[in-house]
Amino acid sequence: MSVITRFAPSPTGYLHIGGARTALFNYLFARHHGGRYLLRIEDTDHERSTKDAIDAIHDGLNWLGLAGDGEAVSQSSRADRHVEVAQQLLEAGHAYRCYLTPDELTAMREEARATGQKIISPWRDADPQSAPDQPFTVRLKMPLDGSTTIADQVQGDVTVQHATLDDLVMLRGDGSPTYMLAVVVDDHDMGVTHVIRGDDHLNNAFRQMKIIEAMGWPVPVYAHIPLIHGADGAKLSKRHGALSATAYRDMGYMPEAMCNYLLRLGWSHGDDEIINREQAIEWFDLKGIGKSPARFDTDKLTAINSHYIRALPPEDLAALMLDGQDASPSIVKRLVALAPAFAERAHHLGDLPAMARFAASNYLPAVEDDAQALLDADACLRLQKLAQDLPDDDLSPDAFKAFLGQWLEGEGLKMRDIGPCLRAAVTGMKQTPDIILICSSLGMENVKARIAGNCKN
RNA sequence: GACCCGUUCGUCUAGGGGCCUAGGACACUGGCCUUUCACGCCGGCAACACGGGUUCGAAUCCCGUACGGGUCGCCA
C-alpha cells in the first residue's frame with residue numbers, strides 16, 4: 001500500500017512556523033516512501049475562513065517548496081458528503097439527534113466539570129417519537145466504558161478511557177458538518193494512510209477513531225508531533241512571536257535554511273545539522289521525532305541561513321546584491337568576483353545589497369561617519385601618493401598585492417598604514433572584505449577616482 | 001479541576017544498561033590568523049529535574065514527586 005499524507009491547515013490566518021514544520025514532515029514522509037502528499041484547506045468555518053488566508057498559506061507553502069501534489073481540496077466543498085456520512089451513522093444507530101439547547105449544554109458542562117463526570121445527553125437513548133420540533137445536532141454515540149489505545153508513532157501507546165469521551169457533535173444545529181466529522185471523512189476519501197499533525201490533536205484522535213470504526217473504515221497510522229514554543233518557552237501564538245513563514249522570507253531567510261532548521265527542530269539524525277532536501281527525504285522517519293516541545297531559536301536559524309547563503313552560486317549572489325537594480329556587464333562581473341567574500345559576511349539576504357553598494361556602481365561612494373575618522377590629513381597624503389603611483393592597467397588580486405607590497409616597502413610603510421584608510425576612501429566603509437581584492441576588481445581607474453574624490457582635505 | 005503527554009548544557013539535540021569522568025550544533029567566551037569585519041583553526045564555560053527502587057552496573061528500566069505542555073466547543 002502506498003503512503004498518502006496530508007497537510008490540512010485552517011485558513012483563519014497565515015501559515016505559521018508550526019504549520020510549516022507539520023507540512024514539512026508530511027511532505028518528507030510521503031516522499032521518503034514514494035507516496036503522495038496532499039493539501040486540504042479546512043474551511044469548515046465560513047465565518048473565520050478568508051480568501052486572503054488561503055492565498056497566504058499557499059504562498060508560504062510554495063515558498064518553502066511544500067506545495068501539495070495536485071489541487072488542494074477545499075473541505076467546505078465536500079459538505080454534502082460529510083452530511084451523507086452522518087446520515088449513514090444515524091441510520092445505523094451509531095449516532096442520534098440531540099435536542100439540547102446551547103444553554104442547557106452550558107449548564108450541563110459546568111456540572112460535569114464540577115463532578116468530573118462526562119456529559120451524557122438525555123437524547124442519546126430517547127424515543128425518537130418524543131422529539132420536539134426544533135433544531136438538533138447529530139452526535140456520535142461514544143462507548144460508555146472500556147478504553148481505546150492508539151499506537152502513536154511519536155507518542156507511543158496512548159490509552160484513554162471511554163468514560164472521559166463526550167458524544168461528539170458531527171452535524172450542527174443548522175445541519176452543517178463539524179470539523180471532527182469532516183477530517184475523518186476527508187482523510188478516508190482522500191486515502192490518507194498516515195496522519196502527521198500537531199499533538200494538540202492527540203485527544204481528538206480518540207474521538208475521530210470512533211467515527212472511523214463506526215463506518216468500518218481502516219484506521220490511519222497516527223503520529224502526533226510536539227508543538228513548537230517561543231524562545232521563552234511559552235506557547236507560540238499570533239501575538240507572541242508566531243510569525244508567518246513568509247515573514248521570514250521578508251527578513252532575508254532562505255527557504256532551504258528555513259526547512260533545514262524546522263527539520264532539526266524536533267527531529268534528528270544523529271549529529272547531522274546541515275541537511276538538504278534530498279538528504280532529508282532519504283533520512284526522514286517518524287522514529288527520529290522527539291516527544292518534547294522545542295523552542296524556536298532565531299540565532300540557530302540565522303546560523304543555518306548564513307551557511308546556505310555561502311553555498312549560493314556567485315551569479316545568484318550578484319543578482320541579490322543588485323536587488324533588481326540594472327548594472328553593466330562589467331559591474332556584474334565585478335560583483336560575481338566579489339560574491340564569495342560578501343556571502344561569507346551575510347546573515348540575511350538583505351545584508352547583501354547594503355554590503356555591496358560601493359561595488360554595484362562606479363559612482364563615488366559617500367564616506368560613512370566611522371570611516372571618515374580614518375581619513376585624516378596624513379592618511380589622505382599617503383593615499384594621494386599611492387594614487388599617483390598606481391599603474392594604469394588593472395591588476396589581478398595577486399598582482400595588486402605584489403604591487404602594493406613593493407610600494408609599501410618603498411614608502412617605508414606597513415599594510416596597516418594603508419589598508420584601513422584605503423578601504424575608507426574606496427568603499428566609504430570601515431568594514432568590508434579584503435581591500436586588495438576590492439581594489440583589483442574595481443579597477444585602477446576607479447580606485448584613483450575614489451581616492452581623489454574622498455581625500456579632499 | 002479531570003484526562004493525556006513530556007523533562008539531557010542557555011537553546012536544538014546525540015544517547016536506547018557498561019563504549020558516558022555524557023558527544024555534536026547554535027549562542028557565549030579565551031587565543032591564533034590579520035588591512036577592518038567576517039570566515040577558518042585551536043581552547044573554554046555549560047546538562048542527565050528531584051526522590052525511591054530494579055541491577056554487579058542506570059542518562060538509559062520501574063514507581064512517586066515537582067515542573068512544563070496539550071485537551072476538555074454546535075472552533076479548527
Point to revise | Phosphate OP1/OP2 of B/U36: any A/Arg416 side-chain N/O under 4.0 Å | key: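 False: A/Arg416 side-chain N/O out of range (4.0 Å or more) of B/U36 OP1/OP2.
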Review point. Under 4.0 Å: is that the gap between some side-chain N or O of A/Arg345 and OP1 or OP2 of B/C39?
Key: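 For B/C39, neither OP1 nor OP2 has a side-chain N or O of A/Arg345 closer than 4.0 Å.
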Check your understanding: Hey, which of these two, A/Arg264 or A/Asp434, hits RNA chain B nearer its 5' end, going by closest nucleotide?
Key ->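 The 5'-side residue here is A/Arg264.
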What nucleic acid atoms does [X] come within less than 4.0 Å of, heavy atoms only: base, sugar-phosphate, or nothing?
X	value
A/Lys430	base
A/Ser292	sugar-phosphate
A/Pro9	nothing
A/Glu344	base
A/Asp174	nothing

Considering only nitrogen or oxygen atoms on both sides, find all protein atoms under 3.5 Å from nucleotides 19-23 of chain B and state each distance.
from: B/G23; atom 1: N2; to: A/Asp271; atom 2: OD1; distance (Å): 2.7

Practice item. Count the heavy atoms belonging to other residues, nucleotides or ligands that lie under 6.0 Å from CZ of A/Arg81, then report whether that count exceeds 12. Key: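 Enclosed: over 12 neighbouring heavy atoms sit under 6.0 Å from CZ of A/Arg81.
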Check your understanding: Looking at residues 299-310 of chain A, who's got a heavy atom less than 4.0 Å off RNA chain B?
Key ->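 Heavy-atom cutoff 4.0 Å gives A/Asp299, A/Lys300, A/Ala303, A/Arg310.
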Review point. What distance, rounded to whole Å, do you find between the two C1' atoms, one in B/U71 and one in B/A76?
Key: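 My reading of the C1' atoms in B/U71 and B/A76 gives 14 Å.
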Review point. Does the B/G24 base have a donor-acceptor partner in the side chain of A/Glu273 within less than 3.5 Å?
Key: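 For A/Glu273, whose side chain was compared with the base of B/G24, there is a donor-acceptor pair (under 3.5 Å).
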Review point. Are A/His201 and B/G70 stacked, counting the six-membered base ring, centres under 5.5 Å, planes under 30°?
Key: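 A/His201 vs B/G70: stacking no.
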